[in-house]
Participant: 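Dropping the structure in here first, questions after.
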Amino acid sequence: MSEKQTPAYTPSEVEAAARRYWDDSQTFKAIEDASKPKYYCLSMFPYPSGKLHMGHVRNYTIGDVLTRFHRMRGYNVLQPMGWDAFGLPAENAAIKNAVPPAKWTYDNIDYMRQQLKALGFAIDWSRELATCQPSYYRWNQWLFLRMLEKGIAYKKTQVVNWDPVDQTVLANEQVIDGRGWRTGALVEKREIPGYYLGITQYADELLDDLDTLDGWPERVKTMQANWIGKSTGVRFAFSHDVRDDTGALIDDGRLWVFTTRADTIMGVTFCAVAAEHPLATHAARNNPELAAFIEKCKHGSVMEADMATMAKEGLPTGLSVVHPLTGESVPLWVGNYVLMSYGDGAVMAVPAHDERDFGFAKKYELPIRQVIAVGNNAFSTDAWAEWYGSKDGVCVNSGRYDGLGYAAAVDAVAADLAGKGGEKKVQWRLRDWGVSRQRYWGCPIPIIHCDHCGDVPVPDDQLPVVLPEDCIPDGSGNPLLKRDDFINVACPKCGAAAKRETDTMDTFVDSSWYYARYCSVGNDAAMVDERANYWMQVDQYIGGIEHAILHLLYSRFWSKVMRDMGLMSVKEPFARLLTQGMVLNHAWLHKPEGGGKNYYWESEVEVQRDAKGQITGGRLKADGTVLEHELTTMSKSKNNGVDPQALIDQYGADTARFFMMFASPPEQTLEWNDAGVEGAHRFLKRVWNFAQDYTAELRARVPAASTLGKAKLPAALADLRRELHLVLKQASYDLGKQQFNTVASGCMKMLNALEKAPRDGVEAAEVIGEGLSMLLRVLSPICPHITHVLWRDCGFGDDILSAEWPEPADSALVQDEVELMLQVNGKLRGSLRVAADAAKDAIEAAALANESAQKFMEGKPAKKVVVVPGRLVNIVC
RNA sequence: GCCCGGAUGGUGAAACUGGUAAACACAGCGGACUUAAAAUCCGCCGCCGCAAGGCUUACGGGUUCAAGUCCCGUUCCGGGCACCA
């Protein structure tokens with residue numbers, strides 16, 4: 001290192017200078033340009049919760065690295081940013097602090113925008129949007145009305161969580177252990193009307209097009225396919241003669257069921273209906289016990305996870321239905337596990353071959369009849385065995401179906417049921433998307449209720465329906481209900497006094513198309529314009545794996561609707577998807593009696609650990625309350641978010657970005673820990689010092705015209721150059737793989753090599769200059785500020801972003817000899833140096849002649865010699 | 001409960017298409033420089049063993065000349081489960 005005094009690395013100055021340059025030259029303003037390949041890089045926009053947390057830093061740094069990398073490779077790049085600004089947390093903050101959600105949200109946006117700017121992301125801020133702006137959400141309303149016209153949007157009843165004390169609808173998150181979060185009251189299910197979007201009309205396409213998404217992670221596609229859940233089965237009816245008060249047969253005397261296991265139909269020993277099923281309601285009229293049970297089923301959660309884990313309970317209705325093939329009378333039960341929302345709200349039960357039915361039958365002592373045999377396995381009703389549910393068996397005890405396999409039996413049964421109205425049917429697990437929310441801080445649903453005309457769509461020329469921004473929710477329901485100025489309106493059809501719809505849209509609507517709006521920002525005449533067809537598809541979408549299903553499926557659906565309406569030409573919105581792993585942190589919570597869930601900051605907690613440092617528990621410092629511990633994603637509501645601000649203030653944005661990228665590969669879950677930030681900062685200081693030394697000491701010796709690759713270098717320099725180019729090759733490959741942690745370590749390897757390099761002579765200066773310029777360029781997507789300044793200081797150019805991405809030179813990579821690992825029976829016993837172009841025979845001979853190999857062969861003859869070129873030789877004896 | 005992932009030194013991690021396990025760092029230990037400290041630099045650093053060598057990628061099996069990587073089973077941890085976003 002130089003003895004001279006070099007200017008010290010001061011991140012605040014360096015970063016301010018770089019950002020000033022980008023601002024002054026409007027570097028990141030994206031302009032449509034048909035002459036260049038385009039690259040639309042989009043990170044999922046944040047919910048403006050207050051401050052950034054490390055998950056945001058990870059997400060946006062990944063996006064920024066890809067943005068800058070592609071820019072240097074010659075693409076016309078767009079990276080926009082906006083705010084997913086409607087949602088529940090703003091209402092919660094309003095309840096807590098008596099601040100209107102709008103003010104809270106806009107204040108948060110201002111703070112977080114400044115944080116994003118401090119991180120130096122290459123964002124085109126001229127395209128910024130917030131979903132709570134009327135100029136944005138008017139197009140939610142507009143497209144909703146188009147969907148209504150096409151029958152894609154429609155109205156039906158929905159089941160919601162009802163808090164009987166606050167007289168309000170609760171979000172699933174607000175239901176804790178079956179009780180309202182604020183009141184502690186037992187939550188009830190309640191049916192209310194709401195609007196739905198017919199995503200199931202697109203189920204086939206959403207499933208089939210997964211195969212076209214080559215740039216998506218397999219696991220996301222698998223999850224979506226399972227979620228859509230196409231199953232082929234048979235829908236048929238058990239007949240009955242149950243009549244209602246008017247004497248009419250209920251449902252025309254037919255109990256419809258759907259099954260994927262029609263081959264087990266001869267094993268049906270009972271049927272079960274959901275508590276809301278008309279037959280259950282009918283049976284309960286004169287059966288107080290059943291009525292009480294049905295009432296009980298109305299309590300509790302509507303969440304699938306709760307439904308699936310709760311005890312399976314049921315009660316007989318006293319009614320029976322008739323088996324369509326045997327004519328047998330089959331008892332009818334009400335089961336709390338039967339969902340009214342799936343299929344027809346009724347199931348046939350085959351206890352012998354369905355695990356849930358088996359458990360139910362054992363509990364209520366219902367018959368279990370084996371109708372499938374697999375090999376010689378012995379069937380017993382004592383306990384469930386895995387093979388009972390197998391589709392690999394043949395029918396037994398099934399009369400004319402005996403001996404048939406699964407597919408043949410299903411076909412035969414379906415054929416026999418066809419005469420009785422039964423049919424093969426495709427059933428989807430996917431349900432239509434309920435978008436009505438009984439909440440204030442969201443996009444108003446553009447409907448007016450008129451006593452004379454019914455539900456009337458708001459005419460296009462009256463859009464947007466603007467949400468008043470000065471309401472303060474108090475937890476007792478939607479404050480719009482009290483806003484006469486909002487509610488009272490003339491019917492657009494007949495002019496009579498009418499009422500506005502007060503429900504707002506699910507915030508997933510807002511995030512289903514924002515990627516298209518970025519392309520058409522500023523256009524008040526259309527939802528999207530031709531600029532969307534220039535930028536779309538999003539070439540690279542980046543966001544948390546927690547969005548693998550809902551957000552990503554809704555976005556795919558929405559964009560297909562936009563395509564069908566001629567608004568956009570692409571059929572899929574996101575060509576490539578990178579799902580970053582969650583950034584986890586410890587969370588500490590207490591569930592007080594009477595309901596609710598309180599989270600505490602770790603600083604408020606006395607953490608207890610075992611000898612290995614594993615957390616065993618914790619108590620609140622203030623009063624010793626025993627707390628539950630969980631390792632979970634950073635979020636404001638859990639008081640476990642780590643604000644990057646302290647890191648940025650202390651070390652600078654480049655260090656924060658480098659550390660985040662270096663910590664682990666992007667898709668991996670990351671348990672937050674800032675040990676190691678020092679190391680990242682130390683590295684940047686070394687880069688700084690090395691570059692300053694280069695400028696002071698070596699730069700003047702570098703010849704104007706490069707001589708590298710033309711003459712043979714001295715061995716030490718040839719080795720150095722080879723190492724630098726090898727690391728470069730790997731780093732470029734890793735960037736392509738989107739594995740940024742090894743790109744960061746590659747930069748460290750380059751610097752390690754450069755620091756050890758000989759410095760005498762023209763050739764050394766030239767090799768070092770080349771290496772340093774490669775290092776700065778490879779590092780620049782991760783640490784854009786320091787590399788921008790050093791690029792100029794070292795005289796490589798004005799703007800590193802306009803520099804070409806470095807390519808490894810073949811001349812640097814050639815080598816005469818290679819080292820092969822030498823194994824005997826798969827165990828490493830030495831190594832072998834051979835000419836790079838040595839023939840297989842020669843390598844074998846050299847291996848067998850090797851002293852170490854002979855020692856471990858113990859005189860035995862070689863049975864086989866495996867040569868893996870460039871890697872190893874394995875002698876098997 | 002169901003669907004999808006993950007597990008490698010004290011720590012974060014690396015390992016190409018099945019081919020040298022632990023690159024690059026953090027922490028730690030030892031040393032240099034310094035009156036001292038900080039900063040910086042150099043060395044050591046999976047486990048057992050004096051060594052030769054043996055063992056080691058959550059656990060138990062299997063395939064292979066060769067397994068962190070492929071297959072089967074298990075445990076634990078994380079994400080999602082439709083009104084958190």
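First the proteins, then the strands, lettered A, B, ... as listed; each starts at 1. Since the model is a prediction, treat every value here as computed from it, not as a measurement.
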Participant: Between A:Leu872 and A:Gln823, does a side-chain contact (heavy atoms from CB on, under 4.5 Å) hold up when you go through it step by step?
Facilitator: CA-CA 7 Å; A:Leu872 61 69; A:Gln823 295 184 335; 3.8 Å; yes
Participant: Looking at A:Thr507, does any N or O in its side chain come under 4.0 Å of the phosphate oxygens OP1/OP2 on B:A85?
Facilitator: yes
Participant: Compare side-chain N and O positions of A:Arg429 against OP1 and OP2 of B:C81 and report whether any pair is under 4.0 Å apart.
Facilitator: no
Participant: Counting only side-chain heavy atoms from C-beta out, which of B:A14, B:G78, B:A85 sits nearest to A:Thr669?
Facilitator: B:G78
Participant: Less than 3.5 Å between a donor and an acceptor, one on the side chain of A:Glu671 and one on the base of B:G78, is that the case here?
Facilitator: no
Participant: B:A25, OP1 or OP2 - any side-chain N/O from A:Asn752 closer than 4.0 Å?
Facilitator: yes
Participant: Starting at CZ of A:Phe662 and ending at P of B:G12, how long is that distance when rounded to a whole Å?
Facilitator: 13 Å
Participant: From the options B:A14, B:G53, B:C24, select the nucleotide whose nearest atom is closest to the side chain of A:Gln668.
Facilitator: B:A14
Participant: Ignoring hydrogens, what is the shortest heavy-atom contact between A:Tyr137 and A:Thr131? Give both atom names and the distance.
Facilitator: CD2-O, 3.6 Å
Participant: Without hydrogens or angle criteria, can the side chains of A:Asp734 and A:Thr742 be said to hold a donor-acceptor pair below 3.5 Å?
Facilitator: yes
Participant: Is there a side-chain polar atom (N or O) of A:Asn741 under 4.0 Å from OP1 or OP2 of B:A14?
Facilitator: yes
Participant: Answer whether the closest heavy-atom distance between the side chains of A:Lys855 and A:Arg829 falls below 4.5 Å.
Facilitator: no
Participant: Can you tell me how far C1' of B:U20 sits from CZ of A:Arg833, to the nearest Å?
Facilitator: 14 Å
Participant: Please determine, for the side chain of A:Met303, which listed nucleotide (B:A82, B:G19, B:G79) has the closest atom?
Facilitator: B:A82
Participant: Without hydrogens or angle criteria, can the side chains of A:Trp433 and A:Asp506 be said to hold a donor-acceptor pair below 3.5 Å?
Facilitator: yes
Participant: Of the nucleotides B:C81, B:C65, B:C26, which has the atom closest to the A:Ala675 side chain?
Facilitator: B:C26
Participant: What about A:Asn874: does its side chain form a donor-acceptor pair under 3.5 Å with the base of B:C65?
Facilitator: yes
Participant: Under the criterion salt bridge (Lys or Arg N to Asp or Glu O under 4.0 Å), I'd like the reasoning laid out for A:Arg437 against A:Asp503: C-alpha separation, chi angles, the key distance, then a yes or no.
Facilitator: CA-CA 5 Å; A:Arg437 296 292 180 273; A:Asp503 280 1; over 6 Å; no
Participant: Among the nucleotides B:U40, B:U20, B:C24, which one has an atom lying closest to any side-chain atom of A:Arg682?
Facilitator: B:U40
Participant: A:Arg431 has a side chain; which of B:A85, B:G78, B:A82 sits nearest to it?
Facilitator: B:A82
Participant: Give A:Lys685 one of three labels, base, sugar-phosphate or nothing, depending on what nucleic acid heavy atoms sit under 4.0 Å from its own.
Facilitator: sugar-phosphate
Participant: A:Met748 CE to B:A14 C1': how many Å, rounded?
Facilitator: 13 Å
Participant: Roughly how many Å apart are B:C26 and B:U40, using the P atom of each and rounding to a whole number?
Facilitator: 10 Å
Participant: Which part of the nucleic acid, if any, lies within reach of A:Gln730 when heavy atoms closer than 4.0 Å are counted: base, sugar-phosphate only, or nothing?
Facilitator: nothing
Participant: Whole-Å distance between B:C41 P and A:Arg686 CZ?
Facilitator: 6 Å
Participant: For nucleotides B:G10 and B:U56, find the distance between their P atoms and express it as a whole number of Å.
Facilitator: 16 Å
Participant: Students often get this wrong, so: under 4.0 angstrom with heavy atoms, is A:Thr742 touching a base, only sugar-phosphate, or nothing?
Facilitator: sugar-phosphate
Participant: For the side chain of A:Tyr554, starting at C-beta, report the closest nucleotide among B:C4, B:A82, B:U11.
Facilitator: B:A82
Participant: A:Leu828 has an atom CG; how far is it from atom P of B:G54, in whole Å?
Facilitator: 10 Å
Participant: Calculate the interatomic distance between A:Leu430 atom CG and B:C2 atom P; express it in whole Å.
Facilitator: 21 Å
Participant: Tell me which nucleotide among B:C65, B:C81, B:G80 gets nearest to the side chain of A:Ile549.
Facilitator: B:G80
Participant: Which of these nucleotides, B:A85, B:C2, B:G19, is closest to any side-chain atom of A:Glu304?
Facilitator: B:C2
Participant: Nearest whole angstrom, please: distance from the C1' of B:C65 to the CG of A:Leu820.
Facilitator: 16 Å
Participant: Between the base of B:C16 and the side chain of A:Arg871, is there a donor-acceptor distance below 3.5 Å?
Facilitator: yes
Participant: Can you find a side chain N or O atom of A:Gln580 that sits less than 4.0 Å from OP1 or OP2 on B:G5?
Facilitator: no
Participant: Name the nucleic acid region contacted by A:Leu550, choosing base, sugar-phosphate or nothing; use a 4.0 angstrom heavy-atom cut-off, strictly under.
Facilitator: base
Participant: Let me know which of A:Tyr651, A:Trp688, A:Phe659 forms a ring-ring contact (aromatic ring centres under 6.0 Å, His included) with A:His681.
Facilitator: A:Tyr651
Participant: To the nearest Å, how far apart are A:Glu386 CD and B:C72 P?
Facilitator: 14 Å
Participant: Contact class for A:Phe683 (heavy atom, under 4.0 Å): base, sugar-phosphate, or nothing?
Facilitator: nothing
